[in-house]
S.K.: 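Here it is: the structure, laid out below.
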Amino acid sequence: MTHANAVVRIMVDGRLTDAPAGSTVAAALIGAGITQFRESVSGEPRAPLCGMGVCYECRVAIDGQAHRRACMVRVRDGMTVSTAYGDR
Amino acid sequence: MATGSRMEPFLCDIAVIGAGPAGLAAAAAAAEAGRRVIIADEGLASGGQIWRPDIRHGSPPTARSWQSRLEASCALTLSRTSIVSIRRPSASGPLVLTGECDGAARVIHAKRVVLATGARELFVPFPGWTLPGVVGVGGAQALLKSGLDVQGKRVVIAGSGPLLLPVAASMARAGARLLVVAEQARRASVIGYATSLWRQPSLIARAARYRAAFVRASFVTGTWVKAATAQAGRIAATLSDGHRDRVYQCDLLCAAFGLVPNTELARQMGCDVRDGRVVVDEQQRTSVLDVFCAGEPTGIGGAELALLEGETAGRAAAGVAEASAPRRRRARLVAQASRMNEAFALRPELRHLADGDTIVCRCEDVRLGEIDRAWSPRQAKLYTRVGMGPCQGRICGAALHFLFDWTHDTIREPVQPAGLSTLLADAIASEIEPHPDTTKA
């Protein structure tokens, strides 16, 4: 558990964003206004569905590592996140 | 890791997979019996989904008491660790578990294994269910507890089962503007189930507290989501009671229809699975030697039954005599679970929400119209790639089971995506005592 108002600073698609300390990357990204986490194989926008690591819809690149499930990773100060479609 | 080197395995008597109620109880019971226990869990913290800690409010008291009991028991916890395969490379050797933590391989050698892999939500495809902002009901709860800010957000909950109430309550408490909570089961079923709980006033009181927390939103029965479309940055969710449709403009549509046991590891090991549930005896033994299973994978039954089964599995795996659970208590919980599953049985209309254009397999974007229900699941895979993406059919497999009554196709290791170093570690670990006749390529 963390202080209610503690935040960490992460970089999302090149933009600095505050995220609640202890939150997952998925929750932080939605909070930062990201609605599209990835693009599906036929080009549809996708975002978290299951919230618990099952569906793989929230895949993003975290600190340069592709295909991480955003719902299974906690935010950390200085973390860089890139949504797949933001890479192109 | 140097290529080709053998990874030092974690050694234990009993490996427990999953740290929800069943896994915590199994690990604590086995460790208290003097066994060396490792409990591996994919999550960031123990507790599973039902006891997932809230980053603002912590864990529920029951969870904390089990976590303390586990801590006191000397079991070793590996969190953020996904187990992708379990096998016994040689008949006289240990069970070898391969896992991954933050991209690094983990190998565990265990004499016995307790599978406590929990459950996931059932997603029923409907037009628009792939839109961002459409999430599960438990999924929404998980995101909320993980720090999602829903203050002022317009939320619709449409699903089934007792889970709707606590999720609606936490949404309301977190400041969401809850528009409606829709239960697909008929009013009579819901009332019948609630009445059957008369001997457990604490459950009824809890339900009443949840309802009071979202008193400003309506709770409707016999109503389900039919479709969703994206409209001006919002989701337009169409709900129906079979006679009338009503459209709600929301930011978050929580739509899932109960739970599905996670049986992937059990099936990968060859355990007998019937009707989607792992078959176990009174001591939670599966059909595979030295492999036990407890909690939701043996049938959706809730946390109290999971704790009982977990403790039984842990004691039985530790070789404690008289490991069976108290028969009457177990029977009562099983009966209650079957009443619940009956009361919230899914209505046939839900089988006809998706049209030919609706995506069924979200990983490979396979549409319902591309799949012929006369096919076998294997044929469907080969022709369309349905179920072959990263989730390995966890979402669409359960959906197609519901839509077409298809049974699971076979599953092979790794049961979920893993990095190359993990696959390498798995290959090396599985040849711990190579057979003299290594004729296969």
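Every chain is numbered from 1 and lettered A, B, ... according to where its sequence line falls, protein lines coming before strand lines.
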S.K.: Between A:Arg69 and B:Ser82, is any pair of side-chain heavy atoms under 4.5 Å apart?
M.R.: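 Yes, their side chains come closer than 4.5 Å.
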S.K.: With rounding to the nearest 0.5 Å, note down the distance linking OH in A:Tyr56 to CD in B:Gln416.
M.R.: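 Going from OH on A:Tyr56 over to CD on B:Gln416, the span is 4.0 Å.
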S.K.: Out of A:Gly53, A:Cys50, A:Gly31, return the one with the most heavy atom pairs under 4.5 angstrom to chain B.
M.R.: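 Sorted descending by pairs with chain B, the first entry is A:Cys50.
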S.K.: To the nearest 0.5 Å, what is the distance between CG (B:Leu148) and SG (A:Cys71)?
M.R.: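 SG of A:Cys71 is found 12.5 Å from CG of B:Leu148.
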S.K.: A:Val54 versus B:Glu121: any side-chain heavy-atom pair under 4.5 Å?
M.R.: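 No, their side chains stay 4.5 Å or more apart.
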S.K.: Do you know which of B:Gly139, B:Ala255, B:Ser146 has the most heavy-atom pairs with chain A at a distance under 4.5 angstrom?
M.R.: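 It is B:Ser146.
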S.K.: For the residue pair A:Ser23 and B:Gly147, what are the closest heavy atoms and their distance?
M.R.: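 Heavy atoms only, the tightest pair is CB-CA, 3.9 Å.
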S.K.: Tell me the closest heavy-atom pair linking B:Ala142 and A:Gly51, and the distance in Å.
M.R.: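 Heavy atoms only, the tightest pair is CB-O, 3.5 Å.
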S.K.: Quick one: pull up NZ in B:Lys145 and OG1 in A:Thr24 and give me the separation to the nearest 0.5 Å.
M.R.: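 The NZ atom of B:Lys145 sits 13.0 Å away from the OG1 atom of A:Thr24.
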S.K.: Can you tell me how far apart CD (A:Gln65) and CG (B:Asp102) are? Round to the nearest 0.5 Å.
M.R.: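 It comes to 8.0 Å.
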S.K.: Grab the two heavy atoms, one from A:Ala27 and one from B:Leu143, that are nearest each other, plus how far apart they are.
M.R.: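 The pair with the smallest heavy-atom distance is CB-O, 4.0 Å.
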S.K.: With rounding to the nearest 0.5 Å, note down the distance linking CZ in B:Arg80 to CE in A:Met72.
M.R.: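 That separation rounds to 10.5 Å.
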S.K.: Say you draw a straight line from CG of B:Leu131 to CZ of A:Arg46; how long is it, rounded to the nearest 0.5 Å?
M.R.: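 Rounded to the nearest 0.5 Å, the CG-CZ separation comes out at 9.0 Å.
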S.K.: Without swapping roles, check the side chain of B:Asp365 against the backbone of A:Ser42 for a donor-acceptor pair under 3.5 Å.
M.R.: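 Side chain of B:Asp365 to backbone of A:Ser42: a pair is present.
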S.K.: Top residue by heavy-atom pair count (under 4.5 Å) with chain A, among B:Cys391, B:Pro390, B:Gly103, B:Ala140?
M.R.: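 Maximum pair count with chain A is reached by B:Pro390.
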